[in-house]
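Encoded as structure tokens, the structure appears first; notes follow it.
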Protein chains: 2
Amino acid sequence: MAVTIKDVALAAGVSIKTVSNVINDYQYIRADTKQRVMEAIASLGYSPNLSARSLRSGKTGVIGLAVPELSLSYFAELADSIIKAAEERGLKVLIEQTGGDRARELEILASPRLQMTDGLLFSPLGVSNEDAHHLNVNFPLVLLGERIFGGPTDHVTMSNVESARAATAHLISKGRKRIAVVGGHEGEVIGSAGLRLRGYQEALEEAGIPFDHRLVAYTTLWHRSNGATSMREMLESGVEFDAMFGLNDTLALGAMRVLQEAGLRIPDDVAVIGFDDLDEGRYSLPTLSTIDPGRGEIAETAVRVLQERISGHDGPPRELEARFQVVERESSRLPTS
Amino acid sequence: MAVTIKDVALAAGVSIKTVSNVINDYQYIRADTKQRVMEAIASLGYSPNLSARSLRSGKTGVIGLAVPELSLSYFAELADSIIKAAEERGLKVLIEQTGGDRARELEILASPRLQMTDGLLFSPLGVSNEDAHHLNVNFPLVLLGERIFGGPTDHVTMSNVESARAATAHLISKGRKRIAVVGGHEGEVIGSAGLRLRGYQEALEEAGIPFDHRLVAYTTLWHRSNGATSMREMLESGVEFDAMFGLNDTLALGAMRVLQEAGLRIPDDVAVIGFDDLDEGRYSLPTLSTIDPGRGEIAETAVRVLQERISGHDGPPRELEARFQVVERESSRLPTS
DNA sequence: CCGGCGTCCTACAACGTTATAGACTAATTG
DNA sequence: CAATTAGTCTATAACGTTGTAGGACGCCGG
């Protein structure tokens with residue numbers, strides 16, 4: 001690793017700048033000089049020192065991605081898409097896990113630890129709209145998710161309200177009127193839970209179905225266990241329902257398991273739809289209807305927009321929404337009524 | 001971001017080296033000088049430029065992790081554990097996806113692209129034991145997984161053979177003798193599939209049960225769909241079995257779904273065990289018995305060993321095996337016979 | 001009263017790269 | 001034919017940090 005541009009220059013009998021020029025495809029180089037330099041590079045096994053390069057150029061070619069946890073399937077699949085999108089643009093991705101903890105999230109925004117990167121894709125869970133001013137940072141930052149709207153940065157998000165409305169409408173179109181919801185966050189207005197719940201309510205309203213608060217189960221986290229526990233409680237409460245909307249797939253799968261344990265048939269007794277289009281839902285029994293929130297589009301847009309900011313693009317913050325789709329699978333496959 | 005150590009030095013009325021000394025906790029600094037420098041740092045909002053630091057010191061504080069795909073739950077959970085382990089040691093993780101493609105894996109080993117890192121944790125899928133010489137690289141490298149054994153680098157792995165033997169023995173202890181296997185790789189000897197299949201065979205032998213090749217389903221990939229397809233074919237083939245060992249949880253879940261569709265009861269008609277201890281198996285219906293391969297231990301060991309190599313530790317390559325555990329859940333909960 | 005040592009600090013070089021400015025040739029222009 | 005221009009290359013100065021070498025001061029023991 002001790003071979004530097006200097007050694008190459010010496011071997012090829014040129015100046016170091018000429019070697020640098022060859023590496024960076026500078027146009028005015030004679031073919032034979034280029035050839036000689038290339039050979040020297042190859043024979044010495046030279047490769048540029050990226051630290052030096054980034055010191056000089058101020059760019060690292062690395063972007064940061066801060067997510068709650070990779071063990072949550074949604075974020076794992078998001079990270080997958082983002083790494084792929086970044087790769088297409090010649091960027092590497094450094095991943096940071098926040099655990100969804102507000103303090104830790106703020107620390108990441110404030111701290112210079114991730115200086116090894118040119119910018120950050122930030123998917124918060126703990127911070128809320130009141131923390132929006134913390135997003136005023138002096139590095140390129142693109143916000144993901146639905147915790148903060150109208151902040152000072154570019155924001156890529158899914159159409160939460162609309163797509164949740166579509167999910168609910170889908171169940172209604174199957175003739176269901178008592179639609180349970182699993183995964184609400186008490187008092188939340190902004191955030192995935194709040195927005196999706198709003199979509200749910202809007203769909204009910206459109207259909208003239210009264211909202212029944214007993215049909216909404218609140219959870220703190222969105223793990224499988226929370227879906228299971230909520231559904232268990234709801235069954236015990238004795239409230240009647242003929243459909244369920246899981247605010248994400250993981251919750252829906254956890255809840256579905258409890259429904260089945262209780263001997264209820266899906267979709268006949270309870271039609272179910274989730275949200276996220278996780279791979280898992282494709283092979284559960286029954287397969288899970290869901291909302292495809294456009295993860296690929298989100299990833300590509302986010303990386304593109306971040307790269308624009310990194311290369312100096314100025315302008316007001318943009319709000320970008322990905323297109324969604326209702327995916328009907330077995331858990332809600334019923335004749336339309 | 002334009003504030004450098006120089007500005008701080010100027011503001012505090014000291015030399016730049018003194019500022020550097022303060023930052024690096026050099027012992028011989030008067031308390032009041034330190035104080036003054038700290039104040040200057042705070043008031044200017046200075047933070048060290050990591051590119052410059054790593055140019056000077058030769059260390060980046062970042063390690064690379066190359067895995068097939070984060071959308072495979074096992075690798076997502078592995079990455080999660082590794083990021084946490086790295087964080088405890090003050091390291092950041094840059095993730096690279098290989099897609100399990102041999103050419104791409106070799107490219108990552110050869111290419112200098114990940115020079116932004118001090119070392120690499122490499123979990124291959126495409127390369128095989130014959131490619132072991134490609135692991136002779138001039139940067140710290142720790143191998144994960146079971147594709148290559150006896151290579152020139154440190155290697156952290158799970159006890160594949162032993163734990164697969166234990167999984168099989170577990171089914172046998174429940175009185176099952178016709179144990180199907182899903183996920184074999186035709187002709188493979190080394191690699192997760194090959195080793196686990198060996199463990200399976202060893203357990204049969206120990207119990208005096210003859211090996212029946214019709215009970216082994218081969219797949220290329222280890223996705224849910226492969227498990228489903230294999231099981232469908234096995235059912236169609238008419239071969240009889242009373243238990244199934246999925247060479248990983250994902251396969252087991254896919255296969256379990258098909259068993260249930262076919263009206264078979266788990267564990268009564270077919271007892272099932274998987275491998276990996278994914279979160280999903282905790283909430284499937286029924287919950288999935290599995291092998292906990294010691295992911296946390298693998299992650300911690302791998303990061304520790306890599307860090308040792310980075311800081312110059314010399315010595316022969318080490319083979320390190322994590323401890324495993326059989327996790328009994330509903331899919332195999334039967335009276336022991 | 002002097003040499004030596006511990007403490008605190010500074011000046012400057014170095015890490016490996018790219019940017020700037022300019023030197024030199026050969027070709028083209030007015 | 002002088003003056004420009006295009007093409008090719010080089011010397012040197014940055015980028016922001018840490019390492020090396022050493023200077024200045026005060027205190028101690030002899």
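Side-chain atoms are counted along with the backbone in the values below, which use heavy atoms only and exclude waters and symmetry mates. Order of the sequence lines sets the chain letters (A, B, ...), proteins ahead of strands, with each chain counted from 1. Keep in mind that this is a model prediction, so the values were computed, not measured.
Going from atom NZ of A/Lys59 over to atom C1' of C/dT18 covers 13 Å, rounded to whole Å. Summarising the geometry, the separation between CG on A/Leu10 and P on C/dG16 is reported as 15 Å, rounded to the nearest angstrom. If you take CG of A/Asn24 and C1' of C/dG16, they are 13 Å apart, rounded to a whole angstrom. One interatomic measurement links the two molecules: CE of B/Met116 to P of C/dT17, which rounds to 13 Å at whole-angstrom precision. Rounded to whole Å, atom P of C/dT20 lies 11 Å from atom OH of A/Tyr26. Atoms CG (B/Asp7) and P (D/dC15) sit 11 Å apart, rounded to a whole Å. If you take CG of B/Leu55 and P of D/dA14, they are 17 Å apart, rounded to a whole angstrom. Remark: C1' of D/dT17 and CZ of A/Arg53 are 20 Å apart, rounded to the nearest angstrom.
Using a 4.0 Å heavy-atom cutoff across all strands shown, A/Ser57 reaches no nucleic acid atom at all.
Counting only distance, with no hydrogens or angles, the side chain of B/Asp154 and the backbone of B/Arg318 share a donor-acceptor pair below 3.5 Å. Between the A/Arg304 side chain and the A/Ala85 main chain, no donor and acceptor come within less than 3.5 Å of each other. With hydrogens and angles disregarded, no donor-acceptor distance shorter than 3.5 Å links the side chain of B/Thr33 to the backbone of B/Ile29. For B/Asp118 (side chain) and B/Gly61 (main-chain N/O), a donor-acceptor pair under 3.5 Å exists by modelled atom type. Remark: the backbone N or O of A/Glu130 is paired with a side-chain donor or acceptor of A/His133 at under 3.5 angstrom. For B/Thr301 (side chain) and B/Glu297 (main-chain N/O), a donor-acceptor pair under 3.5 Å exists by modelled atom type.
No side-chain donor from either of A/Ser54 and A/Thr60 sits under 3.5 Å from a side-chain acceptor of the other. Residues B/Thr157 and B/Glu321 have side chains that never bring a donor and an acceptor to within less than 3.5 angstrom of each other.
Checking D/dT18, C/dT18, C/dG16 against every side-chain atom of A/Asn49, the shortest atom distance belongs to C/dG16. If you check D/dT18, C/dT17, D/dT17 against the side chain of B/Pro48, the one that comes closest is D/dT17.
Neither OP1 nor OP2 of C/dC9 sits under 4.0 Å from any side-chain N or O of B/Thr18. Between D/dT10 and A/Ser15, a contact under 4.0 Å exists linking OP1 or OP2 to a side-chain N or O. Here B/Asn21 does not reach the OP1 or OP2 of D/dT18: none of its side-chain N or O atoms lies under 4.0 Å away.
By the 4.5 Å heavy-atom criterion applied to side chains, B/Leu109 and B/Leu135 are counted as neighbours.
In terms of the side chain to side chain donor-acceptor pair (under 3.5 Å) criterion, residue partners of B/Asp131 (sequence neighbours excluded) are, by chain and number, B/Arg102.
A donor N or O paired with an acceptor N or O is found under 3.5 Å between the base of D/dG19 and the side-chain atoms of B/Lys17.
When the local axes at the two ends of the helix from C/dC1-D/dG30 to C/dG30-D/dC1 are compared, using 5 base pairs at each end, they differ in direction by 50° after rounding to 10°.
Heavy-atom nearest nucleotides on DNA chain D were determined for A/Gln27 and for B/Ser20, and the one closer to the 5' end corresponds to A/Gln27. Mapping A/Ile16 and B/Arg56 onto DNA chain C by nearest heavy atom places B/Arg56 closer to the 5' end of the strand.
Looking at residues 28-43 of chain B, you'll see that no heavy atom sits under 4.0 Å from any atom of DNA chain D.
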